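Right, one structure below, let's go through it.
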Amino acid sequence: MKHRIFFALLLNILMAPVLAAQQSLDALVDRELPQLVSTYKMLHAAPELSHYEAKTSAFVAQQLRALGYTVTESIGKYDQPDWKGYGVVAIMKNGDGPTVWVRSELDALPVEEKTGLPYASTVKTKNDAGQETGVMHACGHDVHMTSLLGTAKLLSQIKDRWRGTLIFIAQPAEETIDGAKAMLADGLYTRFPKPNFVLALHDSADVEAGKITYFPGYAMASSTSVDLIIRGLGGHGARPEATKDPIVMASETILALQTIVSREKSPLDPAVITVGSIHGGTKRNVIPDEVTLQLTIRTYKEEVRQQILASIERIAKGIAMAAGVPEDRAPILKIIENETGPSTFNDPQLSERIAAAIARTIGTDNVIKAQPLMVSEDFGRLSLDHQIPAFMFWLGAVDPAKVEASRTSGKPLPSLHSSLFEPLPEPTLRTGVRAMTAAVLELMSATRP
Ligand SMILES: [Zn+2]
Ligand SMILES: [Zn+2]
């Protein structure tokens with residue numbers, strides 16, 4: 001018994017500085033919170049589409065510069081020469097130690113906001129096709145930017161508690177998954193110190209504000225955009241015998257493609273093949289020359305992705321051959337490289353280490369292991385094919401009362417990308433800053449030997 005009391009006392013004495021440090025950190029977050037909420041509302045009301053993040057990027061750069069970071073702007077080279085790279089890199093060197101990168105996105109979506117919030121976006125713009133569209137931070141990248149700015153401010157105020165090179169990056173064009181690629185193509189890892197660790201957070205549209213969730217290992221899928229052009233021989237709709245009908249071949253192909261996931265690959269390797277668009281023909285009585293299918297393919301593993309692409313080509317060619325289409329009219333499979341991104345692999349050891357550090361800050365009950373998803377993100381590119389340990393966690397962003405109501409009623413909450421998605425600013429940003437600051441301190445702590 002005596003021993004137990006002694007150890008409890010000892011633990012209290014040992015933990016006292018840790019608790020005091022945590023309390024002082026929380027006080028700093030609380031002090032910054034009103035300013036962060038107003039920054040968030042300002043960013044929310046002024047969203048910009050992917051490849052056009054000029055003002056958002058300039059704002060983030062100016063804020064980071066004011067905090068004492070060395071800031072470089074206009075990073076990013078796209079294949080499309082009209083697009084300017086709006087990437088931002090902000091560096092703070094603070095003695096010897098690891099190089100840690102923290103990333104946020106800058107871009108918003110072509111969605112007309114319908115939340116009715118006082119700070120809702122009313123922005124309208126023209127998309128690349130020249131059509132007018134509403135613009136909204138429907139994926140919550142405004143939450144990410146504000147959390148990044150809050151974390152950057154806090155860490156600039158407690159430089160005695162960390163050592164190393166801290167780098168914040170604000171990445172454009174995540175929604176089109178070509179922003180990280182464009183920044184890397186512009187020398188992200190040669191012009192600036194290469195990271196030992198890369199971190200990011202993404203808000204979640206079904207987790208309560210105040211909590212975070214994470215998944216070690218493959219957490220999000222790779223996304224491959226494919227056009228499959230099925231070519232036949234067109235002619236009169238009343239004389240099918242004189243044609244090779246690509247509409248019939250396209251229909252057979254679409255059904256056969258679903259057997260790749262169910263019959264050709266291991267059930268233990270998740271994958272999705274979705275034909276999201278089918279276009280062919282102009283008139284009821286004309287058999288067209290070709291039909292174009294637009295596909296998205298999702299996998300975790302690269303070898304599964306390669307297997308699926310080969311299977312799609314084999315099946316499409318086989319169906320064309322069976323229909324008697326000549327060799328020179330065989331189907332064409334085109335991978336749309338600038339709409340293709342890798343899977344997100346959370347380094348398992350890093351994930352558990354950071355999750356434990358966040359749990360010590362926001363409470364064990366508020367850190368939950370979640371399920372992986374088949375949606376995609378281009379954060380994985382920053383890990384250079386798993387060479388650099390990377391970790392992205394989900395930041396709960398929904399009013400807890402709404403999560404509870406949805407659980408009881410069974411009515412789903414508005415998802416990410418919905419015109420009704422409505423993050424609850426205050427507890428979300430507070431948790432975002434506390435969690436990301438804890439993550440960085442875990443990796444860069446000045447007291448660690
Ligand atoms: Zn998104
Ligand atoms: Zn997003």
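Counting convention: from 1, in listed order, for ligands and their atoms alike. All values reported here derive from a predicted model rather than from experimental measurement. For reference, positions follow the sequence shown, starting with 1.
For Cys139, the nearest N, O or S atom to the Zn ion (ligand 2) falls under 2.8 Å.
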Legend entry - Criterion side chain to side chain contact (heavy atoms under 4.5 Å, CB included) on Arg191 and Ile75, from CA distance to verdict: CA-CA 10 Å; Arg191 289 163 62 189; Ile75 303 160; 4.2 Å; yes

Inset, instruction - Show your reasoning for whether side chain to side chain contact (heavy atoms under 4.5 Å, CB included) applies to Ser262 and Thr259. - result: CA-CA 5 Å; Ser262 65; Thr259 62; 4.3 Å; yes

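Per residue Glu175, closest N, O or S atom to the Zn ion (ligand 1): atom name OE2.
Rounded to 10°, the angle formed at the Zn ion (ligand 2) by His141 NE2 and His202 NE2 is 120°.
Judged purely by atom type and a 3.5 angstrom limit, Thr340 uses its side chain to pair as donor or acceptor with the backbone of Ser225. For Asn346 (side chain) and Pro216 (main-chain N/O), no donor-acceptor pair under 3.5 Å exists by modelled atom type.
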